[in-house]
Amino acid sequence: MIFRKSFQQELSRTFSATLVVLATVVMTMMLIRTLGLASKGSVNPEEIFLIMAYSVMGHVPTILALSLFITAVSTLARMIGDSEVAVWFSSGQSLASFARPLLTFALPIFLTIVVMAFMIWPFANEQMQNMRMRFEQRGDLERIVPGEFQESSNGKRVIYIDKESADSARTGSATPLSARHIFMAYFDQDKEL
């Protein structure tokens with residue numbers, strides 16, 4: 001009784017700490033990746049946190065599995081290193097007695113991983129794809145970013161607005177909602193206008 005309780009408490013403390021660290025690392029990586037996609041114009045900048053949340057939801061099974069593995073290995077390694085295993089062996093516990101509390105601790109996590117992998121991950125992936133498709137189907141005027149060449153949705157027009165003229169329109173030195181230095185090219189099958 002004391003053995004199982006102390007072993008499971010050690011597992012739960014280590015699992016909690018490992019889960020927090022891994023979730024923080026993954027969330028930071030997803031935030032950097034999502035900000036990069038938003039700066040390239042692949043995703044809507046207004047939906048960054050929603051995209052990041054769906055990305056993290058898709059990675060939860062991996063985070064849980066990795067946390068469980070690190071927890072089991074580090075807990076057993078600490079117990080061996082501190083000679084705690086030798087104490088438990090001398091008190092009548094066998095090597096197989098470590099498996100039962102470990103499996104009892106891991107079973108709910110395994111079930112959570114299965115549910116997340118087969119139900120939550122497909123949902124999150126589908127939602128992210130829908131958001132990307134909605135963002136890509138926006139109108140041509142909404143796509144224009146100052147300082148970048150933008151191709152229209154039908155692929156027949158290329159539009160460029162000078163970054164300096166857009167910046168001066170924002171600061172008020174030019175008339176609002178106006179832009180100078182605009183380049184537009186229209187491509188037809190045989191003609192270029």
Taking [Y] as the starting point, is it possible to reach [X] by hopping between hydrophobic residues whose side chains are less than 4.5 Å apart?
X	Y	value
L37	F49	yes
F110	V114	no
F123	L111	no
L66	L102	yes
I32	I51	no

Drop me the distance from [X]'s [atom1] to [Y]'s [atom2], to the nearest 0.5 angstrom.
X	Y	atom1	atom2	value
I120	I113	CD1	CD1	13.5 Å
H59	M57	NE2	CE	12.5 Å
L64	M116	CG	CE	7.0 Å

Donor-acceptor pairs under 3.5 Å, side chain of residues 16-31 to any protein atom, not counting sequence neighbours: which ones?
unit_1, atom_1, unit_2, atom_2, d
S16, OG, S12, O, 2.9
T18, OG1, T14, O, 2.7
T24, OG1, V20, O, 2.7
T28, OG1, T24, O, 2.8

- Message: For the CZ atom on R13, are there more than 12 heavy atoms of other groups (residues, nucleotides or ligands in this structure) within a distance under 6.0 Å?
- Response: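 Count over threshold, so yes.
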- Item | Any side-chain heavy-atom pair of T75 and F7 under 4.5 Å |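 The answer is yes, as the side chains (C-beta and beyond) meet within the 4.5 Å cut-off.
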- Task: Not counting sequence neighbours, which residues clear salt bridge (charged side-chain N to carboxylate O under 4.0 Å, His left out) with R78? List them please.
- Result: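 Here the qualifying residues are E10, D82, E84.
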- Query: Of all heavy-atom pairs between T71 and S67, which one has the smallest distance, and what is that distance?
  - Reply: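 Closest approach of T71 to S67: OG1-O, 2.6 Å.
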- Query: What pair of heavy atoms forms the shortest contact from A106 to L68, and how long is it?
  - Reply: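 Of all heavy-atom pairs spanning A106 and L68, the closest is CB-CD2, 3.8 Å.
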- Task: Output every pair passing ring-ring contact (aromatic ring centres under 6.0 Å, His included) with a member in residues 8-46, not counting sequence neighbours, ordered by first then second residue.
- Result: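 Checked against ring-ring contact (aromatic ring centres under 6.0 Å, His included) - neighbours excluded - the pairs reaching residues 8-46 are F15-F105.
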